[in-house]
Amino acid sequence: TEPSHGAMVPTLKGYACQRRTPLQHHNALLTDALLVLAENAEFCEDEGRSVAFRRAGAVLKALPQAVHKMEDLQGVPCLGGHSQRVIKEILEDGTSREVEMVLQSEQYQAMKALTNIFGVGVKTADRWFREGLRLPSDALNSGHKLNHAQQAGLQYYDDLNTPVTKAEADSIGQIVEEAVQAVLPGAEITLTGGFRRGKPTGHDVDFLITHPEEGKEEGLMPKVVSWLEARGLLLYQKTNINSYLEATDGPARPPHNMDRFERCFSIFRLERPRASPEQHPQAVGEEQPQERGSPLGRRASESPGWKAVRVDLVVSPVSQFAFALLGWTGSQLFERDLRRWAGQEKRMSLSSHALYDSTQNRYLRPCSEAEIFALLGLEFIPPSERNA
Ligand code: CTP
Ligand code: MN
Ligand code: MN
Ligand code: MN
């Protein structure tokens, strides 16, 4: 006989890649709280705890209704004891004391502000915190040696922490399209990341570039970067060459977090649409200097006619395009669970480059995302439902 589940959700599966997770869901109060705990665990470099809280949040995003009482969660997977206690407290009292304490804590607030600097990860932020730094401006004034990414991160801190809109992403897309066509006619660009999943805003814009003829894409990135730089469109860029070799980077190694495509982490200088004279009389025709005096705490009235926007460009050979597209569409938890599913349930190794079957000892060669899901024995989940 069927086990008796809560009336609401008979069959939520344990891997995010087995579930449909839309962007809009019904439990934001709970998922926001769990996200704070996940971030805090990450700041304490406790990856396991962080993933556990993220998994708990992700499963709540897949529920078709709001949770009102603990019985609504019967049969729902991925909820550890700690997450359940937090959920219970919020359902009963409206807030969780633990979450409120974290939000108030000096460490969480400082780590949040410092890791919001482009180029500053948890390790650096943690070292700075222990040295007494609390705010991004402290990093400027402390005499710490900053690398180029961190300098740009501080210089454009406000813009880079203002969400990128879909309209801005589309404008960037037109520029990238023009650049790519100019240096390699016939190349194709695809918007990936959160915008492909239907998000209305993002922290950056992600593009995947390929060419229908294998090999034509080699060395494309430096040419695209030169084209953009010659037009003053890049405020920062770091380009990596492709270092993927199937023979050495394939199944023998554990799946890498970082893929090995030719890629560019960049900051674009995006012209703002001209404001109409009635709305902003002083903004029209006003030449703005490219260098800003004070990188932090710029007031809105000083806003120049452009915005700094983080853009990730990735070049894939067409033979790996389906893997690259799947790998760069996210969400990060969806990707993590795809790889975990492949390894634990199918004895396969999935990366953004390839799929290896350890039972047959051979690479599988799917040509589309749909074929990859099928080979993994998964129902196809469209990008708009990968928002785990
Ligand atoms: N990714 C990756 N390797 C990296 C960075 C990102 O493979 N070094 C992949 C991740 O799997 C992620 C996707 O690229 O799912 C997009 O990453 P990111 O831009 O960080 O996140 P988004 O989902 O696009 O969300 P946001 O709106 O915050 O940009
Ligand atoms: Mn993104
Ligand atoms: Mn992100
Ligand atoms: Mn990105």
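Just follow the structure's listing: the first ligand is 1, and inside any ligand the first atom is 1. For reference, positions follow the sequence shown, starting with 1.
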Inset, instruction - Answer with side chain, backbone, both or neither: which part of E335 has a heavy atom less than 4.0 angstrom from an atom of ligand 1? - result: side chain
Legend entry - Close N or O approach (S352, ligand 1; < 3.5 Å): no
Legend entry - Atoms in ligand 1 with a heavy atom of S331 nearer than 4.0 Å: 15 (O)
Legend entry - Distance filter under 4.0 Å to G194 heavy atoms, resulting ligand 1 atoms: 22 (P), 23 (O), 24 (O)
Inset, instruction - Using a strict 4.0 Å threshold on nitrogen-to-oxygen distance, state whether K223 and E262 make a salt bridge. - result: no
Legend entry - Any side-chain heavy-atom pair of L73 and K69 under 4.5 Å: no
Legend entry - Ligand-residue contact atoms, ligand 1 with R263, heavy atoms, under 4.0 Å: 8 (N)
Inset, instruction - Determine whether more than 12 heavy atoms belonging to other residues, nucleotides or ligands lie under 6.0 Å from atom NE2 of H144. - result: yes
Inset, instruction - Please determine if D204 has a nitrogen or oxygen closer than 3.5 Å to a nitrogen or oxygen of ligand 1. - result: yes
Inset, instruction - With heavy atoms of G202 as the reference, note each atom of ligand 1 found under 4.0 Å away. - result: 27 (O)
Legend entry - Atom CD of E131 with >12 non-hydrogen neighbours under 6.0 angstrom: yes
Legend entry - Q151 and Y236 side chains, donor-acceptor separation under 3.5 Å: no
Inset, instruction - Mark up the atoms of ligand 1 that fall under 4.0 Å of a heavy atom belonging to K199, in ascending order. - result: 25 (O), 26 (P), 27 (O), 28 (O)
Inset, instruction - Could you tell me whether R196 and E369 have a side-chain N and a carboxylate O separated by less than 4.0 Å? - result: yes
Inset, instruction - Before signing off on this row, confirm whether D312 and ligand 1 have an N or O atom pair separated by under 3.5 Å. - result: no
Inset, instruction - First locate atom OH of Y244, then atom NE2 of H353, and finally report the distance between them rounded to the nearest 0.5 Å. - result: 6.5 Å
Inset, instruction - Using a strict cut-off of less than 4.0 Å between a Lys/Arg side-chain nitrogen and an Asp/Glu carboxylate oxygen, indicate whether R55 and D337 qualify as a salt bridge. - result: yes
Legend entry - Best match, W328, F334, F195, F265: closest heavy atom to atom 2 (C) of ligand 1: W328
Inset, instruction - Decide whether a cation-pi geometry holds between R231 and W227; the criteria are a distance under 6.0 Å from NZ or CZ to the six-membered ring centre and an angle within 45° of the ring axis. - result: yes
Inset, instruction - Angle at the Mn ion (ligand 2): provide the value between OD2 of D206 and OD1 of D204, rounding to 10 degrees. - result: 100°
Inset, instruction - Number the atoms of ligand 1 from 1 as they appear, then name those within less than 4.0 Å of a heavy atom of R197, with their elements. - result: 23 (O)
Inset, instruction - Mark up the atoms of ligand 1 that fall under 4.0 Å of a heavy atom belonging to D206, in ascending order. - result: 19 (O), 24 (O)
Legend entry - Salt bridge R20-E379, side-chain N to carboxylate O under 4.0 Å: yes
Inset, instruction - Have a look at D312 and say which of its N, O or S atoms is nearest the Mn ion (ligand 4). - result: OD2
Inset, instruction - For G330, take its heavy atoms, then give the atoms of ligand 1 lying under 4.0 Å from any of them. - result: 15 (O)
